[in-house]
*Asks:* 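One structure, as structure tokens, below. Some questions next.
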Amino acid sequence: MALLLRLLPLALALALGPPAAQAGPARSPYQLVLQHSRLRGRQHGPNVCAVQKLIGTNKKYFTNCKQWYQRKICGKSTVISYECCPGYEKVPGEKGCPAALPLSNLYETLGVVGSTTTQLYTDRTEKLRPEMEGPGSFTIFAPSNEAWASLSAEVLDSLVSNVNIELLNALRYHMVNRRVLTDELKHGTALTSMYQNSDIQIHHYPNGIVTVNCARLLKADHHATNGVVHLIDRVISTISNNIQQIIEIEDTFETLRAAVAASGLNTLLEGDGQFTLLAPTNEAFEKIPAATLNRILGDPGALKDLLNNHILKSAMCAEAIVAGLSVETLQGTTLDVGCSGDMLTINGKAIISNKDILATNGVIHYIDELLIPDSAKTLFELAAESDVSTAIDLFTQAGFSTHLSGSERLTLLAPLNFVFKDGSPRVDARMKNLLRNHMVKDQLASKYLYHGQTLETLGGKKLRVFVYRNSLCIENSCIAAHDKRGRYGTLFTIDRMLTPPVGTVMDVLKGDNRFRMLVAAIQTAGLTEMLNREGVYTVFAPTDEAFQAMPPGELNKLLGNAKELASILKYHIGDEILVSGGIEALVRLKSLQGDKLEVSSKNNVVSVNKEPVAEADIMATNGVVYAISTVLQPPANRPQERGDELADSALEIFKQASAFSRGHTSVKLAPVYQRLLERMKH
């Protein structure tokens, strides 16, 4: 009979069907991870949950699928254990946990869930046990036995020395005067406690972690006849100060206090909301160069960006971090928050020295290193974090330091270090002029650049923007990484030294002794004017050696026929500008002659119609020139292509003759032609 009574709640649950099958609101993240743990444990019997336990500790977690396979919490290894899911218990001789826990009052339920110390302290007060055993509907967030044991002796003594005031008030602060289940524990909400109606802060994170004043919910929804018990991992205390008030009273925030006042953010930090402040200590400010600190503190815009980069849009308790995740700041930047054992990390660094300082409008974590956003940095400071140190040395030697550290709005085109793998060039007058043309007027953002746009440099040159499927290029150089936007300047890292155009395509060809025969051929074909005027051309320019490699008779015939020569030369000219950085595996470029050129790039070697290019990206004001060692032949002029055309023509003639013979029975095709027709069909 006793066993039947214990199994009755389970029978009712089965009759009603699983929670997922019943109509109701969507499952909360906590309920979803609990369901995952139940699925992982079902092979061990009904109502068995799989939990991950940190090796060497008593910390246990219901986890999601990703953490299950990684077998790690905060980078530390875990073992899998199987235990009864919340609300169920074992039955001797039965598999799993088939019996629902018997309903008792709140006081007795505390002992069932592993909070016997809370029971003990409840007994010491005169009023609370009768309330927990009597009628009503309450919720208690009950600290585990380990949570009570972790309290300092000083705190514990202050509680037990005055049980009917201090201890009673502390326990009442853990209680709510109504039943609250996990589906009501919404992120960023507050519950009114039974101690002076003080708020209890609730945060319910996407990974299933639920915190109560930053204490982690261990086991939830243990029903009692007069309420519900949730087991938590620490003793919580009342919250009285907002974030701004905590900054005001803590000596370690002296510099932060002055910075907040200068930026005007004190209104935000003392107002309503739920924020996380990654609060830099005095030590954090002292770690950066005095000149940098003074510059930022004296610049309201940079200072506000700096502080906003330390404020997260929602409250983030330390217990919510069980693996790496990205969080957004008020500045709009993204920080990588993670953990390594008991230490929290920001962008991979363990810089949090004190965590989970609760405020009425959020939570504070002390950090001992400043998180300076790009938007508060000079170009020099941006470059120091990028792989462009050689280029910055060149700009410094050229005397351009003031451009990179001042308040001038500009965009720096800085070649990556690998561009100078063969050595750093000497900074002479020519190099100074070239470097000046790597600084573009105005502060740009690559996402707003468009194809055909022109940019003006400090050297007075006009640079063109080329947008390709997978590349964004400025003249012959392509942007190699996301741009860094600083306080006044933007840093574009590029994949080669930029070479601004110095003349038209004809000017380029005339100025290079390799193209004397090509220049003469262009003049003969009447294309000089076209290549001198504005336009967008990609010219595959055969060198003199390429012309000289042609059979003499064929070369003379070509040069003596202006019409055919013009057709051949137009086949060497694409109808758009294609720099090498915009070439994918294969690009089919339409020529002015009409046929398409097949341009490809492999292992940094550009080829056209499978012929390697001798030199790429010779920039002109109306195009780009590639030096090639072969005179290209249009498809119609290639021997194989001509043979294919003749075969097609012959096949068509035979088809027409066959049709004629079928319509005139007196006319028969010779057997040899019939056999030839069949062969050509196949």
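Quick note: numbers below take in every heavy atom, side chains included, and nothing from hydrogens, waters or symmetry partners. Just so it is clear, the model here is predicted, and its values are computed rather than measured.
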*Asks:* Working note: Tyr366 + Phe253, criterion ring pair (Phe, Tyr, Trp, His ring centres under 6.0 Å); need CA distance, chi angles, decisive distance, verdict.
*Replies:* CA-CA 9 Å; Tyr366 293 29; Phe253 294 143; 4.7 Å; yes
*Asks:* Is any NZ, NE, NH1 or NH2 atom of the basic residue among Lys461 and Glu456 found under 4.0 Å from an Asp or Glu carboxylate oxygen of the other?
*Replies:* no
*Asks:* Between Asp368 and Ser353, does any side-chain donor sit less than 3.5 Å from a side-chain acceptor?
*Replies:* no
*Asks:* Hey, are the side chains of Leu434 and Pro500 touching, using non-hydrogen atoms and a 4.5 Å cut-off?
*Replies:* yes
*Asks:* Kindly say whether Leu303 contributes a backbone atom to a donor-acceptor pair with the side chain of Ser263 at under 3.5 angstrom?
*Replies:* no
*Asks:* Does Val505 reach the side chain of Val625, with side-chain heavy atoms less than 4.5 Å apart?
*Replies:* yes
*Asks:* Can any side-chain N or O of Tyr537 pair as donor or acceptor with the backbone N or O of Ala620 at less than 3.5 Å?
*Replies:* no
*Asks:* Taking C-beta and beyond as the side chain, do His438 and Met497 meet within less than 4.5 Å on heavy atoms?
*Replies:* yes
*Asks:* Ignoring hydrogens and geometry beyond distance, is a side-chain donor-acceptor pair present between Asp595 and Gln593 at under 3.5 Å?
*Replies:* yes
*Asks:* Looking at Asn282 and Asp251, would you say the former's side chain and the latter's main chain have a donor-acceptor pair under 3.5 Å?
*Replies:* yes
*Asks:* Between Gln443 and Gly486 (side chain of the first, backbone of the second, donor and acceptor by atom type, cut-off under 3.5 Å), is there such a pair?
*Replies:* yes
*Asks:* Salt bridge check, Asp512 against Arg514: does any charged N sit closer than 4.0 Å to a carboxylate O?
*Replies:* yes
*Asks:* Side-chain contact test, heavy atoms from C-beta onward, threshold under 4.5 Å: evaluate it for Val631 versus Leu555 and give yes or no.
*Replies:* no
*Asks:* When you compare the side chains of Thr504 and Asn532, does any donor N or O come within less than 3.5 Å of an acceptor on the partner?
*Replies:* yes
*Asks:* Any heavy-atom pair between the side chains of Val363 and Lys355 that's under 4.5 Å?
*Replies:* no
*Asks:* So which heavy atom on Gln244 is nearest to which on Val260, and how close?
*Replies:* OE1-CG1, 3.5 Å
*Asks:* Does the Asn603 side chain pair with the main chain of Val605, one donor and one acceptor, at a distance under 3.5 Å?
*Replies:* no
*Asks:* State, with a plain yes or no, whether a side-chain heavy atom of Thr396 is found less than 4.5 Å away from one of Phe380.
*Replies:* yes
*Asks:* Would a 4.5 Å heavy-atom cut-off, applied to side chains only, mark Thr276 and His365 as touching?
*Replies:* yes
*Asks:* Identify which one of Lys484, Gln331, Arg485 satisfies the side chain to side chain donor-acceptor pair (under 3.5 Å) criterion when paired with Ser375.
*Replies:* Gln331
*Asks:* Go through Met619 and Val579 one step at a time and tell me if the side chain to side chain contact (heavy atoms under 4.5 Å, CB included) criterion holds.
*Replies:* CA-CA 9 Å; Met619 304 308 296; Val579 298; 3.9 Å; yes
*Asks:* Just by modelled atom types, is the Asp442 backbone N or O under 3.5 Å from a matching donor or acceptor in the Thr411 side chain?
*Replies:* yes
*Asks:* Have Asn417 and Ser389 got a donor and an acceptor in their side chains that come within less than 3.5 Å?
*Replies:* yes
*Asks:* So Ile346 and Val337, do their side chains get closer than 4.5 Å, heavy atoms only?
*Replies:* yes
*Asks:* Does either side chain, that of Asn476 or that of Thr499, offer a donor lying less than 3.5 Å from an acceptor on the other one?
*Replies:* yes
*Asks:* In terms of side-chain geometry, is the basic nitrogen of Glu381 or Arg295 positioned less than 4.0 Å from the acidic oxygen of its partner?
*Replies:* yes
*Asks:* Please list, chain by chain and in numerical order, all residues satisfying salt bridge (Lys or Arg N to Asp or Glu O under 4.0 Å) with Arg516, sequence neighbours excluded.
*Replies:* Asp544
*Asks:* Kindly assign one of parallel, tilted or perpendicular to the pair Phe400 and Phe395, based on the angle between their ring planes and the thresholds 30° and 60°.
*Replies:* tilted
